Amino acid sequence: EKLPETVVSRCQTFTFKKPNQAILRELAIGVAKKEGFTLEASAADLVAMLGDGSFRDMHGILQKVIAASADKKISRAEVEIVTGAPRATLVNSFIDGIAEGNIEKGIAALHKAAEDNIDMNVFAKLVLEKMRFILLLSNAPEMKKVIEERVSGEDFAYLNGLASGASLGGKKLSFDALTEILKASQLIGKVFIPELPLEMALMKIAQVGK
């Protein structure tokens, strides 16, 4: 911005953007393959998400996971252990709390995550991702194959079960619920108690329809 316009107009301008999760995911799979490892789709998705738009951070995480692997096949559970990311079952418990309007169940999952020193920003991202998948499965069936490739078989069965409507618990897993969790995720870094925004969102969603 300090250069005169007469100079700028004679220059080539290159704009560098952060890589999105899809790019990091495919890169992680490719790098692992070159190193002789097989990275499960759901594991690659988690590595990419934890990379948070950084090639360097993604490579660093992948390097740690590969170094800790006992075999040549890396599962999502291995990534969770090495990186300290929240277990899928813990994220699912919080989503169950939303779906069932069960505040105690949802808060118990949050408190367990806090006890395990889980980054609440990461926890919220995983919740948002799964809730998005549930809504897409419900409203855009053509996305089924794409989603199935990005999660484990067990997780896909869980998400598909909620999307089918059998477990929606008063339809609390709605667009409004997703919006509340999205708002809460933006407040996590601004409060003294990181889990507080998600607790408040859970309570607000649970009150809908009562």
Side-chain angles (χ1 to χ4, degrees), residues 18 20-21 42 45-54 57 76-77 79-81 83-140 143 147 150-152 154-210:
K18 291 174 66 174
N20 59 32
Q21 190 166 326
S42 58
D45 212 47
L46 182 55
V47 168
M49 192 210 73
L50 294 172
D52 195 26
S54 168
D57 291 350
R76 185 183 180 99
V79 178
E80 291 170 352
I81 292 170
T83 63
R87 301 188 308 277
T89 51
L90 201 57
V91 175
N92 292 353
S93 290
F94 180 74
I95 294 175
D96 285 338
I98 295 174
E100 299 164 10
N102 188 330
I103 297 174
E104 292 80 6
K105 188 172 186 176
I107 288 181
L110 281 175
H111 286 188
K112 177 59 178 171
E115 287 174 10
D116 292 345
N117 202 27
I118 298 295
D119 186 333
M120 280 297 153
N121 282 300
V122 174
F123 188 89
K125 283 182 181 179
L126 291 172
V127 170
L128 285 168
E129 182 180 57
K130 288 193 172 184
M131 288 182 67
R132 172 177 173 257
F133 285 162
I134 291 167
L135 290 175
L136 285 173
L137 286 168
S138 297
N139 298 278
M143 291 291 294
I147 295 171
R150 289 186 56 180
V151 300
S152 66
E154 184 179 350
D155 250 0
F156 181 75
Y158 168 77
L159 297 173
N160 204 38
L162 287 175
S164 69
S167 307
L168 281 177
K171 295 186 177 181
K172 292 187 184 297
L173 285 176
S174 62
F175 295 105
D176 289 340
L178 183 59
T179 300
E180 289 300 327
I181 299 299
L182 183 58
K183 289 178 182 177
S185 70
Q186 295 168 346
L187 295 173
I188 289 174
K190 300 178 181 179
V191 295
F192 179 67
I193 305 172
E195 61 269 30
L196 178 59
L198 290 175
E199 289 175 344
M200 293 174 63
L202 172 66
M203 293 175 193
K204 186 172 181 178
I205 294 167
Q207 293 302 316
V208 174
K210 286 188 176 182

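What you see is a predicted model; the values in this text were computed from it and never measured.
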How close do [X] and [Y] get, counting heavy atoms only, and between which atoms?
X      : Y      : result
Ala109 : Ser93  : CB-CB, 3.9 Å
Pro86  : Ile118 : CD-CG2, 3.5 Å
Ile95  : Leu162 : CG2-CD1, 3.9 Å
Ala124 : Ile188 : CB-CD1, 3.7 Å
Met120 : Ala114 : CE-N, 3.7 Å

Would a 4.5 Å heavy-atom cut-off, applied to side chains only, mark [X] and [Y] as touching?
X      : Y      : value
Ile181 : Ile98  : yes
Leu126 : Leu46  : yes
Ile107 : Glu195 : no
Met143 : Leu135 : no

Checklist entry - Hey, are Glu129 and Lys125 close enough for a salt bridge, meaning a charged N less than 4.0 Å from a carboxylate O? => result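 So Glu129 does not pair with Lys125 through a salt bridge.
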Next on the checklist: One pair to check against side chain to side chain contact (heavy atoms under 4.5 Å, CB included): Val151 and Lys130. What are the steps and the verdict?
Outcome noted: CA-CA 9 Å; Val151 300; Lys130 288 193 172 184; 6.0 Å; no
Next on the checklist: Quick one, Ser185 with Leu128, criterion side chain to side chain contact (heavy atoms under 4.5 Å, CB included). Give me CA distance, side-chain angles, the key distance, then yes/no.
Outcome noted: CA-CA 9 Å; Ser185 70; Leu128 285 168; 3.8 Å; yes
Checklist outcome for this item: With sequence neighbours left out, the residues meeting side-chain hydrogen bond (donor to acceptor under 3.5 Å, both in side chains) with Glu199 are His111
Checklist entry - Side chain of Ser54, backbone of Gly51: donor and acceptor closer than 3.5 Å? => result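 Absent.
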Checklist entry - Between the side chain of Asp119 and the main-chain N/O of Asn121, is any donor-acceptor distance below 3.5 Å? => result yes
Checklist entry - NZ/Lys105 to CG/Asp96 distance, rounded to the nearest 0.5 angstrom? => result 4.0 Å
Item to check | By ring pair (Phe, Tyr, Trp, His ring centres under 6.0 Å) - contacts of Phe123 (at least two apart) | outcome: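 If we apply the ring pair (Phe, Tyr, Trp, His ring centres under 6.0 Å) test to Phe123, skipping adjacent residues, the hits are Phe94.
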Checklist entry - In chain order, what residues pass the side-chain contact (heavy atoms from CB on, under 4.5 Å) check against Ala108, with sequence neighbours excluded? => result none
Checklist entry - Above 12 or not: heavy atoms from other molecules or residues under 6.0 Å from CD of Glu154? => result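 No, CD of Glu154 has 12 or fewer neighbouring heavy atoms, counting only those of other groups under 6.0 Å.
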Checklist entry - Is there a side chain to side chain contact (heavy atoms under 4.5 Å, CB included) between Val122 and Leu50 once you walk through the steps? => result CA-CA 8 Å; Val122 174; Leu50 294 172; 3.8 Å; yes
Checklist entry - Does the pair Asp155 and Asn92 meet the rule for a side chain to side chain contact (heavy atoms under 4.5 Å, CB included), with working shown? => result CA-CA 9 Å; Asp155 250 0; Asn92 292 353; 3.2 Å; yes
